Amino acid sequence: MFLDLVENLTLLIALCWLHAMIMRYLDGYELPGKVCSGVLFGAVCVVGMMIPLELAEGLIFDGRTVVLSMAAFFGGPLVAGIAGVMGGLFRLSLGGVGLVPGLLNVAMPVLMGLLFRYLHRQHRIPFNVLSLLVFSTLMHLLEVLILALLPAANYALFLEHALVPLLVVLIPSAVLLGLLLEDVEKQRHARDALRQSEAYLQAVTDAVPDVFMVLDEQGTYLKVSTPQHELLAAEQSKLLNRRLQDVLPKEQADRFLEFIGRTLDTDQPLSIEYSMQTLAGIRTFEARARRLEVMVGGRRAVVLLARDISDRVALELDQRIAAIAFESQQGMLVTDAQTRIIKANRAFSAITGYSEAEVLGQPTRILGSGHQGAEFYQQMWKALYESGGWQGEIWNRRKSGEAFPEWLTISAVHDAKGRLTNYVASLTDISERKDAEEKIQHLAFYDPLTNLPNRRLMRQRLEQALVVCRREQHYAALIFLDLDDFKNVNDLYGHQIGDGMLCQVAERLRHALRERDTVARFGGDEFVVLLEGLEVNATEAATQVEHIGRKLLQTLREPYLIKDQVFSSSASLGIVLFNDEQHTADELMQYADLSMYSAKAAGKDMLSFYDPQMQAVVSMRLELEEDIRRGLAQEEFVLYLQPQADASGNFEGAEALVRWQHPSRGLLAPGVFIDIAERSGLIESLDLAILRQGCELLARWAQQPQTATLSLAVNISARLLYRDDFVCQVREILQQTGASALQLKLEITESLLLTDVDKAVSRMQLLREMGVRFAIDDFGTGYSSMAYLQRLPLDQLKIDQSFVRGLPDDKGNIAIVRAILSMAEGLELEVIAEGVEHPAQQDILRLHGCRHFQGYLFGKPMSVDAFLELL
């Protein structure tokens, strides 16, 4: 019984081994392989059942459980299903008393094998001898239980004759078959891994652009592979089994053999760089070799990978050349796309004073001088974006803070995809060149003795002034100036003294003129002055020029000290006014020259206008100016008063006004002389004279009960307020006259406060501390601002008569008046309305909250005596 089972199982195992041999040739074909495997396992079961151990008719025993369980474990559901169907059909065809247990013993090992496979793949059961032994024991115990379905007599026969052989033979057989199939499976996996490894190696070899070679110790080409055959020294087929000495020049072959020898003597990879003639021409390679740990054809060998680095070598050469060029005499710097500096050369450091370490990572704007505006840089970047480059002159700043001119060239760098990556800039310090250009320019346009513009530059500026005058409608003036009797100085004292005087004249003219004016020397003792930006009105412009001319004459009359000698001189001035392009520059210079000779002919030390009518007007104004000076000295300017009343019509004070009691022209109103006083700078003296008369009046009023409470408002000019000694002068006048500061009110116009609000506030505050009050005159007609109203120490706002004149019918004026009153109430300021001439005007003002009034309704400007009589 034992021998029969062993023989049966030996045959089955042999058939399973044959199945494994056949399946080796189906590796790589998964589905066909599984189908064939299932058929072969089924055939093994059928063969086993064809030579069974038969105890009685239809009661057979074989090794099908062993084969089917292993087919299920190693092959999976498809293989086990095919084998089980084949085995089951064949068992069905055999029939007999053991048909049902036989069929169950076909299905049971399939299910057990699949269960074992699942648990093993879930890492719940290992695959080893012990697990196989346990699995086989359980499976065959189930087989014994299934056989209990046999009739009792047959089952007893089984227990008596077949149970022990079955368990003793089949259990180890299942373990043995499992181990054999595991080894077969391992071999299959090893073959798969080997094929995969070979595929990987081949793919890597094909993908690497390098030349792959295997060379033995004698330099024989054993294997050559490359995707670029033109990188080989000869055709690939002509290299195999040939030696290096047969292909390469002797010197190069010897070098390679020496390198192969060194590689064979170490277990580390070695590198070599070489150039050789290839099918593509002379190329440079970088090779890396390592010895093979196995003999090839009985000889030692190395594996060598050679990479074509010709392009890299050329690039490195270009970079070395570029590096040498980078360290040129020109300053060079490289930035990233965000203009952060990433490299700078030594010339850059020499020019700017910054070391490379100090500027790395810094934006290029650290070099900015501020000389160019935003528009300049916008144009520069626009050119860079559009054309990829820009060059031009620019001012930058050194580390020391010194600004210097440079010639700058910038180029944008883009990558292969067109993306901006860097900017490269070269810069050259052109300070010396600019200095030289300026010296040449200076020699061409400036007088070498006095350093004043010469005739050429004056002509250019005169032509420009003609264009500006036409565009802006402002007047300009050309003044020809010639020193009187200068020839005598040269003749008597020599040209050295004469040159010294000319230099002093030039210096005096420069200091006497405005910054925008031009003074030039035409030669000898002839100077020319160009005045620009004069008044729009011809008469006023002529007056301006008259004052400047008189100032120049006075300046040039001052004694000259030259080499310890004192000299005196004078000048004659010829003036021509212009404000359009009706006359050429040559004509204007001719007119001024003629006017200058006219002044000389009139007695020297004089000025003369080209236009006789203009000369008459200027002369009249000049006479009036001199008359004002005389009138101030003779105290001809007198105080007039206009009453100020409260809401009930009671007088509470007056505004001080000025009149000129001229000895020949009678009483003159301010319109005749105020403008000339302001232009001539006499307004300050006039204001102080009226202020002193007003304080004297307040002191007299204080002596009478009827007038002791009256206040007096005095107007002051902008020039007076901003004088450094104004506060002291007011204090001195109050002390000298004995007037009460509490009754004095200074009226200022809001436009004059715009000059310097801080200075105005400080001086007003000092006077306020003395008791002086302040009022804003003509409020609403200037630049009314809540900001300065809040800052100023004010007491009163005066509504301008232009807003009162249209009342009560003008709704716009009513709205303005209401707004002023509302604002004053919020600021806790008094409001007085001037120009009140009718009761209806007073009524509407009073209706909206105004409590103080001034105007013809209460009295015209009058003398102090008339005011007292009215009071």
Side-chain angles (χ1 to χ4, degrees), residues 209 228 280-281 283-284 286 307-438 441:
Q228 303 180 65
R283 308 294 289 177
T284 303
E286 183 181 59
R307 173 163 295 181
D308 180 10
I309 60 170
S310 304
D311 293 340
R312 192 186 79 189
V313 170
L315 179 61
E316 290 175 351
L317 178 61
D318 290 342
Q319 289 176 338
R320 285 195 295 273
I321 294 173
I324 294 173
F326 188 74
E327 292 298 342
S328 65
Q329 297 301 312
Q330 277 189 324
M332 300 283 291
L333 59 84
V334 182
T335 76
D336 59 16
Q338 288 73 43
T339 71
R340 291 187 295 264
I341 299 173
I342 59 177
K343 189 169 181 60
N345 69 352
R346 287 189 291 271
F348 169 85
S349 299
I351 292 171
T352 66
Y354 288 100
S355 67
E356 184 180 24
E358 288 175 316
V359 297
L360 289 182
Q362 296 292 329
T364 54
R365 63 174 176 269
I366 68 168
L367 303 174
S369 66
H371 283 222
Q372 287 86 14
E375 185 178 354
F376 172 86
Y377 290 102
Q378 288 170 1
Q379 294 296 328
M380 183 184 78
W381 285 111
K382 181 181 178 183
L384 271 172
Y385 291 142
E386 292 178 352
S387 63
W390 179 87
Q391 62 177 350
E393 185 178 310
I394 189 172
W395 283 81
N396 272 341
R397 192 173 297 280
R398 307 187 205 272
K399 182 181 178 181
S400 63
E402 174 196 359
F404 71 99
E406 67 181 27
W407 185 262
L408 178 65
T409 301
I410 307 175
S411 299
V413 181
H414 299 83
D415 61 15
K417 295 183 179 179
R419 293 175 298 195
L420 178 68
T421 58
N422 301 93
Y423 291 104
V424 178
S426 64
L427 54 100
T428 304
D429 187 349
I430 58 173
S431 301
E432 293 183 1
R433 191 186 82 188
K434 293 288 288 184
D435 290 342
E437 289 176 355
E438 288 178 3
Q441 181 84 357

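Quick caveat, the model's predicted, so the values are computed rather than measured.
- By the 4.5 Å heavy-atom criterion applied to side chains, Y423 and L384 are counted as neighbours.
- In this structure, CH2 on W395 lies 9.0 Å from CD on Q372, to the nearest 0.5 angstrom.
- Expressed to the nearest 0.5 Å, how far CD1 of I342 lies from OG1 of T335 amounts to 6.5 Å.
- Heavy-atom minimum distance, F348 versus N345: N-OD1, 2.8 Å.
- Of all the heavy atoms in S426 and M332, the pair that sits closest is CB-SD, 3.3 Å.
- The shortest non-hydrogen separation linking G331 to I351 is N-CD1, 3.9 Å.
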Item to check | Full working for side chain to side chain contact (heavy atoms under 4.5 Å, CB included) between D429 and R398 | outcome: CA-CA 11 Å; D429 187 349; R398 307 187 205 272; 3.1 Å; yes

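- Nearest approach of S355 to S349, heavy atoms of both residues: CA-OG, 3.7 Å.
- Atom NZ of K399 is separated from atom OG1 of T352 by 9.0 Å, given to the nearest 0.5 angstrom.
- Looking only at side-chain heavy atoms (C-beta outward), V413 and V424 come within less than 4.5 Å of each other.
- Counting heavy atoms from C-beta on, the side chains of I341 and Y354 never come closer than 4.5 Å.
- The backbone N or O of A344 lies less than 3.5 Å from a partner atom in the side chain of E356, making a donor-acceptor pair.
- If you take OG1 on T364 and CZ on R340, they are separated by 11.0 Å, rounding to the nearest 0.5 Å.
- In this structure the side chain of L427 never reaches within 4.5 angstrom of the side chain of I394, judged on heavy atoms.
- Of all heavy-atom pairs between A425 and L408, the closest is CB-CD1, 4.0 Å.
- For the atom pair CH2 (W390) and CD1 (I410), the distance works out to 6.0 Å, reported to the nearest 0.5 Å.
- Counting heavy atoms from C-beta outward, N422 and K343 have side chains that stay 4.5 Å or more apart.
- Few gaps surround CD on Q338; more than 12 heavy atoms of other groups in view lie less than 6.0 Å from it.
- In this structure, the side chains of L420 and H414 come closer than 4.5 Å at one or more pairs of heavy atoms.
- Between I309 and E286 the shortest heavy-atom distance is CD1-CB, 3.8 Å.
- The OG1 atom of T284 sits 10.0 Å away from the CZ atom of R312 when rounded to the nearest 0.5 Å.
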